[in-house]
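Quick caveat, the model's predicted, so the values are computed rather than measured. Below, each value reflects all heavy atoms present in this structure, side chains not excepted, and no hydrogens, waters or symmetry copies.
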Amino acid sequence: MGAQKKGSSRVSEDAEELARNPLQAILLADSFATKFRPITLERPKVLLPLVNVPMIDYTLAWLESAGVEEVFIFCCAHSRQVMDYLESSGWHKQPNFTVAMIESNNSISAGDALRLIYERNVIHGDFVLVSGDTVSNMSLTHAVKEHKERRKKDNNAVMTMVIKKSKPSPVIHQSRLGTDELFMAIDPDTNQLLCYEERGEHPRGAISLENSLLADNPSISLHNDKQDCYIDICSQEVLSLFTDNFDYQHLRRHFVKGLLVDDIMGYKIFTHEIHSSYAARIDNYRSYDTISKDIIQRWTYPFVPDVRFSANCTTKLEREGMYKAPEIQQSRSAHIGPFTVIGKGTRIGDDSRITHSVIGEGCTIGSNVSIVGSYIWNNVTIEDGCELRHAIVCDGVIIKAAATLEPGVVLSFKVVIGREFVVPAYSKVSLFQQPTAQDSDEELEYADSSSGAIDPSIADAGNKLNGDIVSESSQMQDWSTSQLGPGGAGFIWSACDGGCEEEWRHSVAPIPTDKLAKALLAIEEDLEIVKVSDSALTPSGELEPGSDDDDSDNMDDSNVDTVDFEKEAEATFLRAAQDNIAVDDLILEMNSLRLSYNKSAGDCTGALFYPMMKLALESPHNTAVELQKNVASVVSKWHKLFEVLAKEVDDQIELIMKFEEMCLESTKEFAPIFSQILYLLYEREIIGEEAILRWDDERKDADESDRVFVKQSEKFIQWLREADEEED
């Protein structure tokens, strides 16, 4: 919760800076999305609720706060829904902020959209290019200023791409947003982008750089720890370049890569890295889940549930990250857990438990219902005894008594799940039958390069909100109502290319333990220790020859690496605690993190012990006894984590010394009860007898100031020694 006001002032500074130079924006309201099917056949992606607010509202609210004065929203399918929403939501009535729609039923890609906008001649200078599923609180001031200054010096600097640090999982090679690992080559002196490659396009994970690239650039930084925010500051030339090159369809795959390899025209793309700001795009169900959690945990402030920034309902923030709208009817025996949002007019029955979830408006939840890590949209009915784990349930769905949704399930609009029916993991259920044709794996502005067009039958289906899709598919699994349980209604769709094996990668459900374990085992088997020569990559990724200062530079890099590792380990642990992730899953995550930073198990224990104790400290307490109980509760839950990672005696001694340091500096509240907590760690087998006795021996010749906690623990240490002597 310490991040509650992160970003609160940075967006407000834009308006004054940009007032002298009015800024325009193009917002691409994508519509066709296999990653969000079958939902987007009935409603455009930008109108899907994100923590009970349409996605497009986050994008428009940020652009308005950032000083943008005119936004052109490009829309293809479902354009009438988008237009109706914008008119009813009041965005057309905002002072000094103009929203205009550009509609085209013939455009199938970002390239087509930008060519049409160029023909309309509505853009008169530099502009911001975003999609309508972008959530950000970053300031545009510095990025726009850098772009304009570059343009004064070099007319070929046509685009500035916003990026931020985001280290991918070394096990599954994905970011926390579920996107493929991204490789970038950047000039560290000018921030010019030199290479842009997604791992998905290189199955073996090896990226080749042209010799000319290395020859022409004295210094290059290679990165796989950057996230593309899909926020671009563009010059007018970008529009004309799309017009001149009709083969440019995909914004990244065609346009960006096209400019990077074009050595004739000499156009350049630069990067602007943000650090403390937030920016992310919802590309798949996993990023939907991740960004929703970030909003609830207030990383996107001021765009959070309890701050009114659009037509969102006033919501009250309560303890442990719970948000409640007005007119809620909640049984006294119902339990609402941390980081949960409850929408207006929702009713919750007896003994139901809801945690780490978002519940929309006007929902009816019966008795003895369990909802964990799920997203329930508006006007949903969930009858008694149902269990939902990590699922998405769209508007108007009815889930009858004692039904179960296993992890990763998506129920599209007005589906009915019959009594006691179990929907298998990762299933997608819709009232529509599955179309025969599959379009690209991306939507509209990010259309896949292998698909130049989208089947018209699919577009027609998306516009027929109450119609039927009559096409049959040999791959379609057609479930009758009886197969969805008594009174059920809907069709379960078959998985797209790659099958169910890949569904877990982009799901709202946590990554299965067996998938992580399998991937981790493969890495450990293939792992080889490589000694880096002076002329190889430095830890920062720069291709530069060695120098006399290499040792000191490497030491500095190592220190930075350690700080980054500790920060990421802390963030990983806190996410696990907040999302109620199983200990075994966290162990796998920490092992993968350890491998990616080349750290030992002992490094992990030190990095994890601090956030665990901090969690106990931040839990409510009034006395030292209550604080000790908090520690006991936290240690009881996570002790297995340290048993696995701190097996060696030396690692356990490091843990004791880490605790000493904390008691003297950052968490002095633990100092009076150091010995009691030491005994607790011993009792839970986190720290062994040998480690405690060796710690005592090492402190015997130390200064009195370094023996404070040894003295406090004298009785416990003496008891251990006597017990040891009796055994001998």
Side-chain angles (χ1 to χ4, degrees), residues 25-61 63 71-94 98-110 112-113 116-117 130-135 281-282 288 310-313 343 360-362 375 377-380 392-397 410-415 430-432 435 439 442-447 454-469:
I26 295 175
L27 186 154
L28 298 173
D30 42 61
S31 296
F32 299 110
T34 57
K35 289 180 182 177
F36 277 84
R37 287 226 184 127
I39 297 174
T40 48
L41 284 183
E42 302 185 56
R43 185 181 297 179
K45 181 180 170 188
V46 294
L47 295 188
L48 300 183
L50 183 67
V51 193
N52 294 340
V53 175
M55 291 184 193
I56 196 170
D57 278 5
Y58 289 93
T59 311
L60 290 174
L63 290 173
V71 180
F72 293 96
I73 300 178
F74 182 88
C75 192
C76 188
H78 300 307
S79 57
R80 174 47 57 187
Q81 289 189 52
V82 176
M83 292 171 68
D84 289 345
Y85 175 75
L86 292 173
E87 290 174 3
S88 63
S89 63
W91 281 112
H92 286 297
K93 301 176 183 177
Q94 298 297 317
T98 303
V99 176
M101 280 281 297
I102 296 179
E103 180 185 5
S104 171
N105 293 324
N106 300 318
S107 298
I108 60 168
S109 68
D112 289 345
L116 180 61
I117 292 172
V130 294
S131 62
D133 50 15
T134 300
V135 178
R281 176 179 177 254
I282 301 165
Y288 178 91
S310 67
N312 57 319
C313 178
E361 297 183 359
Y375 300 91
W377 295 358
N378 298 330
N379 303 310
V380 172
I392 293 179
V393 180
C394 297
D395 295 359
V397 167
V410 176
L411 302 183
S412 193
F413 300 93
K414 298 183 180 180
V415 161
S430 174
L431 290 182
F432 290 148
D439 61 285
E442 306 279 350
E443 65 261 64
L444 193 60
E445 75 269 29
Y446 304 109
I454 295 173
D455 193 310
S457 65
I458 297 174
D460 291 341
N463 285 315
K464 295 177 181 177
L465 298 182
N466 299 310
D468 275 335
I469 301 175

Test side-chain contact (heavy atoms from CB on, under 4.5 Å) on Phe36 and Asp133; report intermediate values, then the result.
CA-CA 12 Å; Phe36 277 84; Asp133 50 15; over 6 Å; no
Under the side chain to side chain donor-acceptor pair (under 3.5 Å) test, residues paired with Tyr288 that sit two or more places apart:
Trp377
Can you tell if the side chain of Asp112 reaches within under 4.5 Å of the side chain of Asn106, non-hydrogen atoms only?
no
Taking all atoms of both residues into account, what is the closest heavy-atom pair of Ala113 and Leu28, and its distance?
CB-CD2, 3.9 Å
What residues form a side chain to side chain donor-acceptor pair (under 3.5 Å) with Ser412, not counting sequence neighbours?
Glu42
Which residues share a side chain to side chain contact (heavy atoms under 4.5 Å, CB included) with Ala25, sequence neighbours left out
Leu63, Val68, Val71, Val128
Verdict with reasoning, Ile392 to Leu411, per side-chain contact (heavy atoms from CB on, under 4.5 Å):
CA-CA 6 Å; Ile392 293 179; Leu411 302 183; over 6 Å; no
Could you tell me whether the side chain of Val99 reaches within less than 4.5 Å of the side chain of Ile73, counting heavy atoms only?
yes
Using atom types as modelled and distance alone, determine if a side-chain donor or acceptor of Asp395 lies under 3.5 Å from a backbone N or O of Asn378.
yes
Inter-residue atom distance Phe74.CZ - Ile117.CD1, 0.5 Å rounding:
6.5 Å
Which residue pairs satisfy the salt bridge (Lys or Arg N to Asp or Glu O under 4.0 Å) criterion with at least one member in residues 75-94, sequence neighbours excluded?
Arg80-Asp84
First locate atom CD1 of Ile26, then atom CD1 of Ile102, and finally report the distance between them rounded to the nearest 0.5 Å.
7.0 Å
Student check: side-chain heavy atoms of His78 and Arg43 closer than 4.5 Å
no
Mind checking side chain to side chain donor-acceptor pair (under 3.5 Å) for Thr98 and listing every partner two or more places apart, or none if nothing turns up?
none
OG-CD distance between Ser79 and Glu103, expressed to the nearest 0.5 angstrom
3.0 Å
Rounded to the nearest 0.5 Å, what separation is found between the CD1 atom of Ile56 and the CH2 atom of Trp91?
9.0 Å
Flag the pair Gln81 / Leu47 as yes when at least one side-chain heavy-atom distance between them is below 4.5 Å, and no otherwise.
yes
With the side chain counted from C-beta on, respond yes when Val51 and Tyr58 share a heavy-atom pair under 4.5 Å apart, and no when they do not.
yes
If you apply the rule side-chain contact (heavy atoms from CB on, under 4.5 Å), what do you find for Met101 with Val82, and how did you get there?
CA-CA 9 Å; Met101 280 281 297; Val82 176; 3.9 Å; yes
Using side chain to side chain contact (heavy atoms under 4.5 Å, CB included) as the criterion, point out the one residue from Leu50, Val135, Leu60 that pairs with Met55.
Leu50
Exercise: identify the closest heavy-atom pair between Val397 and Cys394
CG2-O, 3.2 Å
Closest heavy-atom pair, Ser104 versus Leu116, reported as atoms and distance to 0.1 Å, is CB-CD2, 3.5 Å
With sequence neighbours excluded, tell me which residues meet side chain to side chain donor-acceptor pair (under 3.5 Å) with Gln94.
none
Using only atom types and a distance under 3.5 Å, with no angle test, would you say the side chain of Thr59 pairs donor to acceptor with the backbone of Thr134?
yes
Asp57 and Tyr85: side chain donor to acceptor below 3.5 Å:
yes
Pair Ser430, Phe413 - check side-chain contact (heavy atoms from CB on, under 4.5 Å), show working.
CA-CA 7 Å; Ser430 174; Phe413 300 93; over 6 Å; no
